[in-house]
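Written out below as structure tokens is the structure these notes cover.
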Amino acid sequence: MARDTELGRAVVLKRVESTTAFKARALARFSHRHVVTLYDAVRGRGRSWLVLEYVPSGSLDRWPTIEPELAARVGAQIADAATGTAPPATSR
């Protein structure tokens with residue numbers, strides 16, 4: 001967790017490849033209760049970072065393994081969040 005001192009909020013910084021950060025503009029359009037908000041993509045000192053919404057939850061290591069059906073439902077909800085909000089994203 002980090003602190004956005006300009007806006008006074010908790011955020012998460014995630015180091016990414018520069019090509020991923022370049023695609024951040026499309027990801028920033030998503031707004032869904034199951035997807036964290038992307039606030040910014042920052043480049044500096046030869047590195048790229050995503051500035052993400054901080055969601056207090058604990059370690060995923062403590063979560064139980066979920067059934068494939070539940071994973072499919074959550075995946076469908078994420079896909080619904082993307083429908084009509086951004087052009088399809090492809091990775092190469």
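Note that the numbering runs from 1 along the sequence shown for the chain.
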| said: When you compare the side chain of V11 with that of Y39, does any pair of heavy atoms fall below 4.5 Å? | reply: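 Yes, side chains in contact.
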| Hey, does the side chain of R3 reach the backbone of G8 with a donor-acceptor pair shorter than 3.5 angstrom? | yes
| field | Minimum-distance pair of heavy atoms, taken over all atoms of L7 and D4 | value |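 So the minimum-distance heavy-atom pair works out to N-OD1, 3.0 Å.
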| request: Could you pull out the closest heavy-atom pair between L13 and V51, with the gap in Å? | output: CD2-CG2, 3.7 Å
| query | Would one find more than 12 heavy atoms of other residues, nucleotides or ligands at under 6.0 Å from atom CZ of R47? | reply |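 No, the 6.0 Å shell around CZ holds no more than 12 heavy atoms from other groups.
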